[in-house]
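Letters A, B, ... mirror the listed sequences (proteins, then strands); counts begin at 1. The shown structure was predicted, so the numbers you read here are calculated from the model rather than taken from an experiment.
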Amino acid sequence: MKLKKIFLITVAALSIFYTTGCWDMVDIDRRFFVGQIGVDKAEDGEQMLVSFVFPIVRKIAGGQGGGEGGGGGGSTVIAVSTAADSIHAAARQMAMRLSRRLFFEHTRVILIGEELARDGIEEVVNFLERNSEINRRSFVIIVQGKAKDLLNFQNEIEVLPALYIANIFKNRDICARFVEVDVDKFMREIHTTNGNVLLPRMTLGKTDVKISGAAVMKKYKLMGWLEENETMGANFILEEIRGADIVVYIPGYKYPVVFTVTHNKAAKELLEAGDYPKFRVKLDVKGEIVETPEQIRLDQEMLKKIEKLLEDRINQIVTSSIKKLQQEYQVDLLEFGVYLSKHKPEVWERYEKDWENIFPDAEINVETKVTIRGIGASY
Amino acid sequence: MLMDDDRISTAQAIALAINTILGVGLTTLPRELTKAAGPDCWIVVILGGIFALISALIIATVITRFNGKTFIEYTSSILGRPVGFLVGVLYAFYFVLSCAVVLRIFSSVIKNFVLESTPREFIIITLLVLSFYLIRHGLEPMARFMVINTPIWLITAVAAFLFTFNKADFSELLPFFRTPPDKLLFGSLSAALSMAGFEVLMVAGQGLNTTKHVYKIALVSIATVTASYLYLVVFVVSVLGVEETKMLLWPTVDVLRSITVPGGILERIEAPLITVWVIMVFTTLSPYYFSAAITIANIFNAKEFKIFVPLLFPWIYFLSMTPQNVLELESWLKFVGNLSIGFGFVIPFIMLIAGSLKARWGKSQ
Amino acid sequence: MGNIFKTLFNRKKTEIFYERDMTPDKSRKLYKDIDENIKVFNEYLADCDDLISREFVVGNPNGPKHRMVLFNIDGLADKKVVHEEIMKSLMLFARQVPLEYSVGDKFFQLVKDGLITVAEVRETDNFGEAVLAVLSGDTALFIDKLDRGLILNTRGWEKRAVQEPSTEAVIRGSRDGFTETYRVNVALVRRRIKDPNLKVQTVRLGRHTRTDVGVLYIKGIANPSIVEEVLKRLNTIDISGVLESGYIEQMIEDNYLSFFPLLRRTERPDVAAACLLEGNVVILCDNTPFALIAPTTFFSLFQSAEDYYENWYIASLIRILRMSAAFLAVTAPALYVAMVSYHPGMLPTDLALSIGATREGVPFSTTVEALIMMLALEVLREAGIRLPGPIGQTIGIVGGLVVGEAAVRAGIVSPIMVILIAINAISSFAIPNFNLAVAFRLLAFVFLLFASVAGLYGIILVYLGLVIHLVTLKSFGVNYLSPLVSFKMKRVIDILVRPPLPFIKERPDYTKPLDRKRMRDLRQDQESEGGDEDADGR
């Protein structure tokens, strides 16, 4: 008897769950996997123009799904855009125009148009923070121009343009001419420094894209750009170099010496804490020579000479980027403030409130020490 | 009252205590602590652990004096029957409220990160029904359940945070010792509150098969909990940074969201990790539920505690559905936290003093 | 169920001469008059055409003649024994019996002790015993003017030879399996354990079937409380018939409602012997090759005979493999549905897209798709068992390959689902215990249903419920999940790893053996005397 009751109750409960249940179930073929989100300023200047790019699943992945065998030519992605007050609102507005649900867990890149960035990106930050669907490992990029223009970008290598762009960042291993910022890092830095952050810059060609240099964000607003060499300089100070090529000419030779950085350490040091602080940055750079002029023989003396040249060159690169940030943009993106707050908290207490104005006048000396660890396979 | 064979060993009691303490607090603790002490949050955890240990040791001392009596009987014997009754009612209320808050926080996290449009009722009822099913069998099966599940969440949690190692920047914990002592002390209080749960042993203490090792139980469980919290806080803060940790409602979950699985077998693993966390919540909920039922059974001197289990069910459910939003829930959480000072520290302390006085008085007679 | 049995009993109640406790009704004593005896005996076995009765007269030609009668059942009694050892002996040698022995009790004693050349001879003075013995294959011999009869063991019927067990095949290990004959089975165990401490206690169960059920244990190892418990439970069985050990299993297990087998079964005498040596009790039942082992734990069901014959690392690897297979058998469809329908964010982007592409055009939701496939597979499996061997294989191939391929081509199911269900099914076959595999397949459906309601949360709910259930399960007072519930690291590791034999110095403690030590390492004898005094983590 008791058994029967338990059984009946279980069946009843199960059937109730079942008939009313499955609240969150959206099958995988009922979703649009948004690869990239583009945010621009709308024409009217008030709203945002939000664009989403997602793949036509039927056409990719060569599966025999449905049997009709994915159609030939044509684009494999769909791009839609709408003007809305916020990204979330835009995603909801899209529901009126799309047969399936937009799904952000596989989003790889978030592109912010230049114009909008100059006005401020607080809205994007807030969206990224509140939305629990967005992938915290997707990349945040400022587009020089309009993010919407990227909708036309096609590639035949990756299934999604977003994957193409995201995979470019993997090349940070060998190239330091841009910065890599994923949502994780973006949120951490923007909250720590209250809106000052370096973001990668993307430029559009006719048929391709290029990520180079960096966008300088100050108080959530885009101030300007760092060019490629300046970005490399900043990366030197931020210890963000995983691989970079430095080219120097030895006087008297036609061809350059190419040096690849493999190890990079930057030790910041506070020398004086007067009205304005005085810093010393010791760069310890190690790497290999990959190309030399054919005529020279690499002996100890020559290496010393090249090391000296490299040191001067790196000093020059780094100093120029410090100069630009101090004088032109007047924003501390090189973590000097962070250094003070972590290691010299008592000094930082004095500077904290007015750091914005103090930093541009801080004296920063760069000392570079280059060590050549390898010289390739020939003298 | 417990059946005669419903006894737990020392090791099982340790597992019970650890599982009771670790639960919903994990999701919010880093925020609380960074708000209170900034980069010094880890010191706060250690201090909080010391506080919690003191209160646990007081509770342990009280338990050693039970001498086969139940908690309520003991209270009645030293403070008088009415006081014993009152204390019992208060404790039962506290346990029921704790259940409700645990369930509510749990359902909020699930709804926010895993099942957005699934009704809260479903989430709460399913877990509550399972808890009901478990505690009906008594104390010993519950403790056994804890023992079995402990390695599962322990290994998962340790491994999960290790995957964030490449993102962690431990310099976020700098500078050391810059927080003023008053803030530090206040922060450690809130850390100690997250270690509430040992008071469950006050009522479950009657099921210990020996009270010889209660101090060991207190020491091992609080030390384990402190170590776990330390690990958690250090990782969360060094992945998110102090400032972002302060801003996020559930910073721990956001760390889980940024985990990269080596080999790229899975893209994001926060959903399975939150599901493992469900086990931890369940092992927090069940002891509280059990304690509430057994406390009431003790008040009425009932032979079987099982009949009180279904009676409490609706109360827990409705209480958990009462808070309107997360902010109100936060204030409830604070309230329960403050209550736990009373129930985990003040009342045991009074009982300790009263018991000692009575013992001395009895001797001099 | 109960009702059916009751009506069965009521209808047939006329001739019940057995007591509930299965001892024969001894009240009806034999008569001195042989004609009376024949009459009564024939009444008992009236309308039993397989009864053979043979009357004959023997005796010294000079002395008194003795009328005798033999009863046995055609086919159960060994004809050769009856001819050579009973009839021939009596008829030929009784002639030379001296006269002084040829009367009354003396003659009876002589027949019993000196004439009949059958090994086992018993005396009886009532019909109950005699009838029962005849029905068991013995031969009853009544002599005129004596109210005592002889029961002669002539049991010998057509039986299956000892063959390799079909459900528990091993690569390494003995090839003999239990047969349908109880005595042969006991002998197979006895051949492995030549120890007077191996005790066999036989009870008879089933009002009509009167099946021999033997309880085997090793005195001095097996815990008496468990042996007593087994016997106690066996004695509570009152059922019309026990045709297979499955009847016993279902009647004595601790929890009738559980999916999980609470008694381990085996067809292999070496497994039975191994379990006896670990302190278990083995229950053998007549008419079936399946022995039962009590108590049983969840993890012992994952063990196979050769685990202890093969090298330890092979055994350990296989054990881990089985565990993983069990995991897949239970959760694979549920995890897939949860990931595809609830958390596609978990899948790597490329995989998510290609799963999406294969599901493009499939009309059903993933859950329904999985359900269809799983049901189809269960049907195929069942059909494969019922059909004769060669056709069964054909069904497997036709069903698995042709139908699956056609379904994918028709766009009814996605190819990934076919792969998944195939993996799921194959995994379930990797579990050594058939009952457990069935339980897991059932659980897979439960997991699937909950996964389709609440995704991973649903899965963890079922997991929690399952663990609660397992935690509270007991098999003859032993925790079903031991050794997992104890804090003994050594024992917990034993679940996944089969340690090298020299390391297994002690018997597992879940059986609470009287003697813990199972090995004495003569090389380092003195060291291992240290006490290990716990009992099952309490």
Counting only heavy atoms from other residues, nucleotides and ligands, does the tally under 6.0 Å from CZ of Phe165(B) exceed 12? no
Between Asn194(A) and chain B, with a heavy-atom cut-off of 4.5 Å, which part of the residue counts as in contact: side chain, backbone, both or neither? neither
Residue by residue, scan residues 261-271 of chain B and write down, ordered by number, those that have a heavy-atom distance under 4.5 Å to chain A; if none do, write 'none'. Glu267(B), Arg268(B), Glu270(B)
Look only at the side chain of Ser258(B) and the backbone of Asp184(A), and say whether a donor-acceptor pair between them is shorter than 3.5 Å. no
Applying salt bridge (Lys or Arg N to Asp or Glu O under 4.0 Å) to Asp24(A) and Lys111(B), what does each step give before you reach the verdict? CA-CA 10 Å; Asp24(A) 275 293; Lys111(B) 264 184 86 66; over 6 Å; no
Please look at Lys246(B) and chain A and tell me whether the side chain, the backbone, both or neither of the residue comes under 4.5 angstrom of a heavy atom of that chain. neither
Let me know if Thr245(B) has heavy atoms under 4.5 Å from chain A in its side chain, its backbone, both or neither. neither
Can you tell me which of Met25(A), His343(A), Glu189(A), Glu133(A) forms the most heavy-atom pairs within a distance under 4.5 Å of chain B? Glu133(A)
Of all the residues in residues 233-244 of chain B, which have a heavy atom that comes within less than 4.5 Å of a heavy atom in chain A? Ser238(B), Val239(B), Leu240(B), Gly241(B), Glu243(B), Glu244(B)
For each of Glu346(A), Lys342(A), Glu129(A), Met187(A), tally heavy-atom pairs with chain B at distances under 4.5 Å, and name the one with the top tally. Lys342(A)
Test Asp169(B) against Lys185(A) for salt bridge (Lys or Arg N to Asp or Glu O under 4.0 Å), laying out the working first. CA-CA 11 Å; Asp169(B) 175 8; Lys185(A) 195 177 167 198; over 6 Å; no
Residue Leu340(A) versus chain B: region with a heavy atom under 4.5 Å: neither
Please indicate whether Phe186(B) has more than 12 foreign heavy atoms, meaning atoms of other residues, nucleotides or ligands, lying under 6.0 Å from its CZ. no
Proximal to chain B - members of residues 101-110 of chain A, heavy-atom separation under 4.5 Å: Glu105(A), His106(A), Arg108(A)
Which atom pair, heavy atoms only, marks the closest approach of Asn131(A) to Arg257(B)? O-NH2, 3.2 Å
Within residues 308-316 of chain B, which positions have a heavy-atom distance to chain A below 4.5 Å? none
Checking Arg137(A) side chain against Ile259(B) main chain: does a donor-acceptor pair fall under 3.5 Å? yes
Are the side chains of Glu116(B) and Ser132(A) in contact, using a 4.5 Å heavy-atom criterion? yes
Hey, does Arg136(A) have a side-chain heavy atom less than 4.5 Å from the side chain of Leu256(B)? no
The reported gap from CD1 in Ile123(B) to CH2 in Trp23(A) (rounded to nearest 0.5 angstrom) is 8.5 Å
